[in-house]
*Asks:* 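Below is the structure I would like to discuss, written out as structure tokens.
First the proteins, then the strands, lettered A, B, ... as listed; each starts at 1.
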Amino acid sequence: MAVVADRGERYWLDELNDEQRAAATHTGGPLLILAGAGTGKTTTLCARVAWLVAEGVPSERILLLTFTRRASREMLQRARGLVPASARVLGGTFHSVAHRLVRRHAAALGLPGGFGVLDAGDAADVLDLLREEAGHAKSRTRFPKKGTLLDIYSRTVNAQLPLSGVIAEHFPWVEDHREAISALFREYTTRKKALGVVDLDDLLLMWRALARDEVIGPRLASSFDHVLIDEYQDVNGLQVDLAQALAGFGCDITVVGDDFQAIYGFRSASAGHILDFPEQFPGTRVVTLERNYRSTQPVLDAANELAAQATRAFPKRLRADRPGGVRPAVIHVRDQGAEAEAVADRILEARENGSDLRDQAVLARTSHDSDQLELELLRRKIPYVKYGGLKYLEAAHVKDFVALLRLADNGGDEIAWFRVLQLVEGLGPASARKAMAVMAGAPRDLAESPLDEMGEGRLAAVPDRLAAWSEAREVIPSGARASADAVIAALVVARDEQRAGPRAEGLREVLAPLVRARYPDGAIRVQDLDQLVAAAHQVGDPRQFVAELVLDPPQSSADLAQPPHLDEDYLTLSTIHSAKGLEWDHVHVLAVYDGNFPACMSAGTSEQIDEERRLLYVGMTRARRTLSMYVPVRYHHRPRGIDDAHGYGKPSRFLTKAVLACCDVTRLPDDPLNPRGAPIVTARRLSVSPDSLFD
DNA sequence: ATACGACGGTTTTTT
DNA sequence: ACCGTCGTAT
């Protein structure tokens with residue numbers, strides 16, 4: 001053994017409990033760490049990385065795969081804190097590692113060297129283009145929209161299941177269009193090839209192709225001695241294939257996860273994969289972590305009861321390490337307005353009792369569940385940051401900016417052209433198409449073929465596209481020409497600038513006035529662009545900048561900015577999906593009614609219902625000290641709250657007697673079932689629903 | 001013919 | 001927020 005540290009240097013092993021230490025120091029054969037919520041999963045994984053390095057495994061021969069960049073950054077940082085020699089551990093998300101490998105083997109995969117990566121929005125735009133070309137946009141029968149198409153496509157690819165089955169099971173309402181969708185997906189594959197681009201799913205497909213190749217596969221696997229995979233309950237079939245290919249060629253494999261926290265079924269993940277791990281990887285040692293360092297026992301009692309409802313699961317029962325605690329609250333409220341008030345009241349109360357806003361969070365099933373609450377927070381001047389829901393990259397002005405960056409890099413990107421041309425006032429879809437047709441008909445360089453081995457030829461083709469502008473401008477309305485000329489001129493300058501920062505800066509200048517003119521809040525949006533420009537300065541290569549933006553999308557503009565000041569105090573609002581792995585002293589879960597937990601469209605199969613239950617479980621187990629769950633009795637059908645359509649709901653079916661027995665149930669005095677503060681009756685449960693009429 | 005504003009309707013969750 | 005439709009202005 002090259003490095004034998006003495007006991008004192010390995011103090012961090014002594015700080016682990018027996019199970020954690022067993023996991024961290026396991027040798028020989030596959031390892032499955034079943035880490036319940038709050039049981040020190042990250043600590044254990046970091047300790048294992050540190051231990052491997054301390055035992056002499058070269059750090060660059062360890063691969064750590066996570067689902068988010070944040071997770072990999074955090075773990076690598078902590079591992080380095082334990083053992084500085086672990087500095088060179090290769091860590092990243094499945095997609096970013098895939099990107100690195102696909103880049104290195106682009107030629108073998110038939111990709112141009114400078115291939116672009118489509119984010120979900122771009123992929124949907126390509127599908128939309130094909131949808132339009134095939135005449136589905138105009139057809140009488142309602143054809144699925146681009147977002148749905150992408151969902152169907154992605155699900156099919158990631159689950160590696162036949163399209164017909166995916167449609168039958170998850171998208172039955174598009175059954176009539178099955179053949180057209182199938183044809184469209186084939187065209188999508190062809191079109192991506194022609195454009196020289198890959199989407200996020202392709203990255204995984206291509207990695208798998210490399211990993212399974214009899215020549216390249218063993219070489220990839222031989223670069224690593226150990227592969228560690230975080231959040232294994234969230235892997236899909238494609239990712240299991242990757243793990244198996246790596247293990248098959250000799251890597252030692254460690255996976256960590258909690259089947260109770262599998263909540264990405266809609267992304268083709270399946271808790272089945274972690275349940276099946278011991279069979280798929282013979283000789284697996286299973287270590288279960290049940291000692292919870294996060295919450296107090298009353299919160300865990302309720303969570304354990306909820307988990308006990310699951311049909312198939314590894315048996316686990318969380319035990320609190322900390323003593324004391326208060327029972328979770330189940331609070332009935334009149335409607336979402338009353339819910340907002342109740343939440344705000346309790347948050348302010350907690351703040352007065354010494355809890356900062358940053359120690360509190362409000363979690364919801366969907367991002368718009370907190371719409372009313374946001375108004376209330378605004379009214380009471382309670383600062384908050386919202387995670388999940390609309391993302392930064394999806395904002396129109398950011399997409400515009402990225403489209404400009406893409407165009408400066410690849411003049412053949414028709415999706416980007418279509419978007420950019422329409423930025424100009426007076427220039428709409430029809431003129432954009434005409435201009436694009438003229439530019440596409442311009443003299444071509446042979447090197448423009450996207451299948452060109454070197455791929456470098458694509459740069460040489462760009463001048464042709466832009467040079468054809470003098471003809472293309474003739475086919476657009478005369479009033480729009482001057483403004484369009486300015487955009488093209490900026491693109492010409494940007495194309496000749498190879499540094500990401502200055503290139504982004506030039507494009508910002510031409511976009512800023514257009515953004516200011518288009519949106520009432522244009523000035524704020526321009527600030528977002530400034531942050532992107534600042535981020536571009538940090539990255540040398542413009543292509544790399546766009547790829548990183550796609551692979552690791554900033555959650556909000558705050559992500560790009562400098563770390564927020566420590567003295568700023570703000571509340572966290574988040575979807576439960578985005579809250580995974582996080583914790584707060586005080587957690588509020590909104591809208592725990594049947595129809596939201598489970599969501600009415602996810603109540604079809606028992607698989608789906610199980611996942612909805614786990615979602616509530618994840619929400620509940622985020623709480624360190626107090627947990628409050630709100631049940632609005634009357635809720636709006638329309639999330640926007642424009643009309644007053646509403647229904648009378650029941651509490652979530654997951655709040656069974658056994659779960660409620662662990663909670664304090666409260667009705668507010670203005671509850672419609674209990675007007676004017678009459679004596680509170682909790683024993684009876686009345687359900688009012690006209691649903692039986694609607695057959 | 002084209003662009004654009006107004007308006008009504010909408011199967012979540014995201015690497 | 002987006003999407004499709006329709007009426008109006010250019």
Side-chain angles (χ1 to χ4, degrees), chain A residues 65-72 92-99 117 119-121 124-125 128 131-132 137-139 142-148 150-152 154-155 158 170-174 199-201 203-204 230-231 234-236 238-239 262-269 363-369 371 387-391 393-396 399 422 424-434 475-480 518 550-553 555 574-580 591 595-604 608 611-612 614-615 618-619 637-640 642-643 645:
Chain A
L65 288 170
T66 59
F67 277 86
T68 66
R69 185 91 107 204
R70 194 190 61 203
S72 87
T93 63
F94 275 94
H95 288 92
S96 69
V97 171
H99 182 242
V117 183
D119 69 8
D125 285 344
D128 203 34
R131 181 178 182 265
E132 169 106 18
K138 291 251 185 292
S139 88
R142 266 179 35 212
F143 196 81
K145 299 197 205 107
K146 60 180 182 181
T148 311
L150 183 63
D151 287 346
I152 301 171
S154 202
R155 194 151 188 152
N158 281 297
H170 301 287
F171 304 89
W173 63 93
V174 305
D199 62 25
L200 291 169
D201 300 329
L203 289 175
L204 294 185
D230 190 24
E231 309 272 21
D234 289 333
V235 295
N236 60 39
L238 223 42
Q239 289 157 332
I263 54 173
Y264 282 100
F266 68 91
R267 226 166 53 189
S268 302
L363 307 182
R365 172 75 180 75
T366 70
S367 66
H368 63 239
D369 283 331
D371 286 353
Y387 293 93
L390 242 102
K391 257 135 296 117
L393 269 192
E394 286 163 24
K399 285 206 272 191
Q422 289 180 85
V424 176
E425 202 179 326
L427 208 166
S431 303
R433 264 184 236 284
K434 274 194 269 179
V475 301
I476 66 170
S478 56
R518 179 166 300 239
V550 171
L551 293 171
D552 182 28
Q555 296 275 325
S574 176
T575 58
I576 292 177
H577 283 92
S578 303
K580 197 136 80 113
N596 208 32
F597 288 98
C600 45
M601 39 308 216
S602 297
Q608 287 177 317
E611 175 147 326
E612 298 286 307
R614 294 190 294 257
L615 199 54
V618 170
H637 285 312
R638 305 259 167 268
R640 317 295 309 160
I642 298 163
D643 60 11

*Asks:* Between the main-chain N or O of A:Gly121 and the side-chain N or O of A:Glu394, is there a donor-acceptor pair closer than 3.5 Å?
*Replies:*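 Checking the backbone N and O of A:Gly121 against the side chain of A:Glu394, no donor-acceptor pair under 3.5 Å is found.
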*Asks:* Provide the closest heavy-atom pair for A:Arg155 versus A:Gly265 in the form atom of the first, atom of the second, distance.
*Replies:*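 Looking at all heavy atoms of both residues, the closest pair is NH2-O, 3.3 Å.
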*Asks:* If you check the A:Trp173 side chain, which of B:dT12, B:dT11, B:dT13 turns out closest?
*Replies:*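 Of the candidates, B:dT11 comes closest.
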*Asks:* Counting side-chain heavy atoms from C-beta on, which of B:dT14, B:dT11, B:dT13 comes nearest to A:Thr366?
*Replies:*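 Looking only at heavy atoms from C-beta outward on A:Thr366, the closest nucleotide is B:dT13.
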*Asks:* Looking across every strand, which nucleic acid part, if any, lies under 4.0 Å from A:Ser431 by heavy atom: base, sugar-phosphate, or nothing?
*Replies:*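 Here A:Ser431 touches the backbone only, sparing every base.
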*Asks:* From the list B:dT12, B:dA3, B:dT14, which nucleotide is the closest neighbour of the side chain of A:Ala430?
*Replies:*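 Taking heavy atoms from C-beta onward, the closest nucleotide is B:dA3.
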*Asks:* Between P on B:dT12 and NE2 on A:His368, what's the gap in Å once rounded to a whole number?
*Replies:*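 One finds 7 Å between P of B:dT12 and NE2 of A:His368, rounded.
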*Asks:* Can you check the A:Asp125 CG to C:dA1 C1' distance for me, whole Å?
*Replies:*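 Result: 14 Å.
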*Asks:* Using atom CD1 of A:Ile476 as one end and atom P of B:dA3 as the other, report the distance to the nearest whole Å.
*Replies:*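 About 10 Å, once rounded to whole Å.
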*Asks:* Does A:Arg142 have a side-chain nitrogen or oxygen under 4.0 Å from the phosphate oxygens OP1 or OP2 of C:dT5?
*Replies:*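 The answer is no; no side-chain N or O of A:Arg142 sits under 4.0 Å from OP1 or OP2.
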*Asks:* Write down the distance between NZ (A:Lys145) and P (C:dT5), rounded to a whole number of angstrom.
*Replies:*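 The answer, rounded to whole Å, is 10 Å.
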*Asks:* Does A:Thr575 offer a backbone N or O that forms a donor-acceptor pair with the side chain of A:Ser578 under 3.5 Å?
*Replies:*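 A pair under 3.5 Å: no.
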*Asks:* Hey, which of these two, A:Gln608 or A:Pro477, hits DNA chain B nearer its 5' end, going by closest nucleotide?
*Replies:*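 Per heavy-atom nearest nucleotide, the more 5' residue is A:Pro477.
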*Asks:* Does A:Arg69 reach a base, just sugar-phosphate, or nothing at all? Heavy atoms under 4.0 Å.
*Replies:*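 If one applies the 4.0 Å heavy-atom cut-off, A:Arg69 turns out to touch nothing in the nucleic acid.
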*Asks:* Establish, with yes or no, whether the OP1 or OP2 oxygen of B:dT2 is under 4.0 angstrom from a side-chain nitrogen or oxygen of A:Lys434.
*Replies:*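 So the side chain of A:Lys434 is within the cut-off, an N or O lying under 4.0 Å from OP1 or OP2 of B:dT2.
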*Asks:* Should A:Ser578 be listed as having a side-chain N or O under 4.0 Å from OP1 or OP2 of B:dT13?
*Replies:*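 No, outside the criterion.
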*Asks:* Just to verify, which of A:Val235, A:Leu238, A:Asn158 counts as forming a side-chain contact (heavy atoms from CB on, under 4.5 Å) with A:Ser268?
*Replies:*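 Among A:Val235, A:Leu238, A:Asn158, the one that satisfies the side-chain contact (heavy atoms from CB on, under 4.5 Å) with A:Ser268 is A:Asn158.
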*Asks:* Given atom CG of A:Leu551 and atom C1' of B:dT14, what is their separation to the nearest angstrom?
*Replies:*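 Result: 14 Å.
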*Asks:* Establish, yes or no, whether a centroid distance under 6.0 Å links the rings of A:Tyr264 and A:His577.
*Replies:*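 Here the rings of A:His577 and A:Tyr264 have centres that are less than 6.0 Å from each other.
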*Asks:* How close or far is atom P of B:dT13 from atom CZ of A:Arg614, stated in whole angstroms?
*Replies:*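 Those two atoms, CZ and P, are 18 Å apart.
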*Asks:* Indicate whether the side chain of A:Thr366 and that of A:Asp369 have a donor and an acceptor atom separated by less than 3.5 Å.
*Replies:*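 On atom types as modelled, these side chains qualify, holding a pair under 3.5 Å.
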*Asks:* If only side-chain N and O atoms of A:Thr575 are considered, is one of them under 4.0 Å from the OP1 or OP2 phosphate oxygen of B:dT12?
*Replies:*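 A:Thr575 to B:dT12 OP1/OP2: no side-chain N or O under 4.0 Å.
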*Asks:* Using a 4.0 Å heavy-atom cut-off, does A:Phe171 contact any base of the nucleic acid, only the sugar-phosphate backbone, or nothing at all?
*Replies:*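 A:Phe171: no heavy atom of the nucleic acid under 4.0 Å.
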*Asks:* I want to check one thing: is the phosphate of B:dT13, taken as OP1 and OP2, less than 4.0 Å away from some side-chain N or O of A:Ser367?
*Replies:*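 For B:dT13, OP1 or OP2 has a side-chain N or O of A:Ser367 closer than 4.0 Å.
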*Asks:* Would you mind reading off the distance between A:Leu204 atom CG and B:dT14 atom C1', rounded to a whole angstrom?
*Replies:*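 Those two atoms, CG and C1', are 13 Å apart.
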*Asks:* Where the side chain of A:Ala599 is defined as all heavy atoms beyond and including C-beta, which of B:dT13, B:dT12, B:dT11 is the nearest nucleotide?
*Replies:*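 Of B:dT13, B:dT12, B:dT11, B:dT12 is nearest to the side chain of A:Ala599.
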*Asks:* Could you check how far NE2 of A:His170 sits from P of B:dT12, rounded to whole Å?
*Replies:*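 Taking atom P of B:dT12 as the reference, NE2 of A:His170 is at 16 Å.
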*Asks:* Check A:Asp230, A:Leu65, A:Thr66 against A:Thr93 for a side-chain contact (heavy atoms from CB on, under 4.5 Å) and give me the one that passes.
*Replies:*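 Between A:Thr93 and the candidates, side-chain contact (heavy atoms from CB on, under 4.5 Å) is satisfied uniquely by A:Thr66.
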*Asks:* With the six-membered base ring of B:dT13 as reference, does the ring of A:Phe266 sit under 5.5 Å away with planes under 30° apart?
*Replies:*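 Yes; by the centre-distance and plane-angle rule, A:Phe266 counts as stacking on B:dT13.
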*Asks:* For the pair A:Arg518 and A:Glu425, evaluate side-chain contact (heavy atoms from CB on, under 4.5 Å) and give the outcome as yes or no after the intermediate values.
*Replies:* CA-CA 9 Å; A:Arg518 179 166 300 239; A:Glu425 202 179 326; 5.8 Å; no
*Asks:* Can you check nucleotides 4-7 of chain B for protein contacts, nitrogen or oxygen pairs under 3.5 Å, and list what you find?
*Replies:*
from  : atom 1 : to       : atom 2 : distance (Å)
B:dC4 : OP1    : A:Gly426 : N      : 2.5

*Asks:* Which is true for A:Lys580 with a 4.0 Å heavy-atom rule: it touches a base, it touches only sugar-phosphate, or it touches nothing?
*Replies:*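 If one applies the 4.0 Å heavy-atom cut-off, A:Lys580 turns out to touch nothing in the nucleic acid.
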